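Reading through the structure tokens given below for one structure.
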Amino acid sequence: MAALANPMSTLTAASRVAIIGAGLSGLACAHRLAQHGVHVQLFDKARGPGGRMSSKQRPSATLDLGAQAFTARDTRFIRKVAEWQDAGCVAKWPVHSYQASASGWQTHHDGQVRYCGVPRMSAITRHLADSLSAFPDASLTLETPIASFEETGLGWQLMDAHGLQHGPFDHVVISAPPPQAKALLADWEPVLAAACEAQPQRGCWAAWAIFESALPPLPNVDDAWQSLHAQHPALRLVSRNHTKPGREAQPESLSLLAQLDWSDAHIEEAPDTAAQQLLDAFTALLPSHTELPALLELGAHRWRYAQPASAGSQSFLYSERGLSLCGDSFRGSRIEDAWLSGDELAEALLGRSV
Ligand SMILES: Cc1cc2nc3c(=O)[nH]c(=O)nc-3n(C[C@H](O)[C@H](O)[C@H](O)COP(=O)(O)OP(=O)(O)OC[C@H]3O[C@@H](n4cnc5c(N)ncnc54)[C@H](O)[C@@H]3O)c2cc1C
């Protein structure tokens, strides 16, 4: 059976669909299907929806650990972002960006408008998850890692890691990153599993640092700087979480994202060591003798599957057996790609032209 970019048989309002993964692509797919009356049950292994748009809540601060900001280029996604702005869960950020290398700091302008979630990146996926409750035939089940599924005479039956069964379903959408999707598919759809194999993922360390007081002023840098594109072997991006809309009351709190090459080389590092090395990299980009305020907290999160090594050329993949794949990797590596992939898969499953 070949993997298809477009389904030949389509879902109806009576169809029952399971979606594994409540990141942005899975939620986008669920929304579109639910709008057309399809019975949709979403599963995620995490405590909340969001996936790589998740945020970490600490007693003193909320930190985005995956995506920090995003762009919108496709008109469909531009319209969606405007809806999210109206709903109050998205705002423009950052507007004061810098770039830094060993030779100093300069303002950073690339002409792109960027957005973030308000009051945290995961507010967007939380908003989508909450609004699913408006559809009587849609539901989200959290803390439920799907361990396997099997085809029965009645349809697809899902087994979770706690030993519970879910189903039957007419169709299963997998929106987990390709290596995780491949593990689920291997026994049932080798062609889709091979398509996952062809999308290797790169890891990324994301550290956070919360300080007792504000960073000191830097010469020739606006005190209100919000993000820093770092030219450093270890460090790629620094975000000041407390400059993001809705978080003004929290203390100085940085997200420090590592370079992908550095992350590959240090992927098995202990989190504390990775965090310290990323903070040291940031310090190396500050003018000499700059003293950082006292740290309240320093930590790091390892994303084993942060982004595809190279983007795929199809938005989603489908097999006539009633299995399909969506997620950012199949069309790109960004939030916009994730939303478009999930939305386009749903449109195709409904038999609407994409
Ligand atoms: C460090 C970092 C920085 C980034 N920076 C940017 C940026 O600047 N701009 C930008 O546009 N994008 C950025 N991205 C990419 C962006 O976050 C992703 O494109 C987007 O969030 C992917 O959404 P998704 O739904 O495809 O996948 P995910 O968000 O990965 O969702 C998949 C979901 O599947 C769940 N899951 C997996 N396996 C199972 C299972 N067996 N059972 C149940 N649930 C399961 C996971 O828990 C997860 O919630 C960044 C990502 C990272 C990690």
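Since the model is a prediction, treat every value here as computed from it, not as a measurement. Just follow the structure's listing: the first ligand is 1, and inside any ligand the first atom is 1.
For the residue pair S255 / N241, a side-chain donor-acceptor distance below 3.5 Å is found, with atom types taken as modelled.
In this structure, W93 has no ring-ring contact (aromatic ring centres under 6.0 Å, His included) partners at least two apart in sequence or on a different chain. Applying the side chain to side chain contact (heavy atoms under 4.5 Å, CB included) rule to S263 yields the partners C204, W205, A258; only residues at least two apart in sequence or on another chain are considered.
Counting only heavy atoms from C-beta outward, the side chains of R331 and F316 never approach each other to under 4.5 Å.
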In a table with atom names and distances, give each donor-acceptor pair under 3.5 Å that connects a side chain of residues 31-39 to protein atoms at least two apart or in another chain.
{"from": "H31", "atom 1": "NE2", "to": "L128", "atom 2": "O", "distance (Å)": "2.9"}
{"from": "H31", "atom 1": "NE2", "to": "S131", "atom 2": "OG", "distance (Å)": "3.3"}
{"from": "R32", "atom 1": "NE", "to": "D343", "atom 2": "OD1", "distance (Å)": "2.7"}
{"from": "R32", "atom 1": "NE", "to": "E347", "atom 2": "OE2", "distance (Å)": "3.4"}
{"from": "R32", "atom 1": "NH1", "to": "Q35", "atom 2": "OE1", "distance (Å)": "2.9"}
{"from": "R32", "atom 1": "NH2", "to": "D343", "atom 2": "OD1", "distance (Å)": "2.9"}
{"from": "R32", "atom 1": "NH2", "to": "D343", "atom 2": "OD2", "distance (Å)": "3.4"}

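The neighbour count for R73 CZ, taken as heavy atoms of other residues, nucleotides or ligands under 6.0 Å away, is above 12.
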Between ligand 1 and the protein, which N/O pairs fall short of 3.5 Å?
{"from": "ligand 1", "atom 1": "8 (O)", "to": "A69", "atom 2": "O", "distance (Å)": "3.2"}
{"from": "ligand 1", "atom 1": "9 (N)", "to": "A69", "atom 2": "O", "distance (Å)": "2.9"}
{"from": "ligand 1", "atom 1": "11 (O)", "to": "I335", "atom 2": "N", "distance (Å)": "2.8"}
{"from": "ligand 1", "atom 1": "12 (N)", "to": "I335", "atom 2": "N", "distance (Å)": "3.4"}
{"from": "ligand 1", "atom 1": "17 (O)", "to": "R52", "atom 2": "O", "distance (Å)": "3.3"}
{"from": "ligand 1", "atom 1": "19 (O)", "to": "D328", "atom 2": "OD2", "distance (Å)": "2.7"}
{"from": "ligand 1", "atom 1": "19 (O)", "to": "R334", "atom 2": "O", "distance (Å)": "3.3"}
{"from": "ligand 1", "atom 1": "25 (O)", "to": "L24", "atom 2": "N", "distance (Å)": "3.2"}
{"from": "ligand 1", "atom 1": "25 (O)", "to": "S25", "atom 2": "N", "distance (Å)": "2.9"}
{"from": "ligand 1", "atom 1": "25 (O)", "to": "S25", "atom 2": "OG", "distance (Å)": "2.8"}
{"from": "ligand 1", "atom 1": "26 (O)", "to": "S25", "atom 2": "OG", "distance (Å)": "3.3"}
{"from": "ligand 1", "atom 1": "26 (O)", "to": "D328", "atom 2": "N", "distance (Å)": "3.0"}
{"from": "ligand 1", "atom 1": "27 (O)", "to": "R52", "atom 2": "NH2", "distance (Å)": "3.0"}
{"from": "ligand 1", "atom 1": "29 (O)", "to": "R52", "atom 2": "N", "distance (Å)": "2.8"}
{"from": "ligand 1", "atom 1": "30 (O)", "to": "R52", "atom 2": "NE", "distance (Å)": "2.8"}
{"from": "ligand 1", "atom 1": "30 (O)", "to": "R52", "atom 2": "NH2", "distance (Å)": "3.2"}
{"from": "ligand 1", "atom 1": "41 (N)", "to": "I146", "atom 2": "O", "distance (Å)": "3.0"}
{"from": "ligand 1", "atom 1": "42 (N)", "to": "I146", "atom 2": "N", "distance (Å)": "2.9"}
{"from": "ligand 1", "atom 1": "44 (N)", "to": "K45", "atom 2": "N", "distance (Å)": "3.1"}
{"from": "ligand 1", "atom 1": "47 (O)", "to": "D44", "atom 2": "OD1", "distance (Å)": "2.7"}
{"from": "ligand 1", "atom 1": "49 (O)", "to": "D44", "atom 2": "OD1", "distance (Å)": "3.4"}
{"from": "ligand 1", "atom 1": "49 (O)", "to": "D44", "atom 2": "OD2", "distance (Å)": "2.6"}
{"from": "ligand 1", "atom 1": "49 (O)", "to": "G51", "atom 2": "N", "distance (Å)": "3.4"}

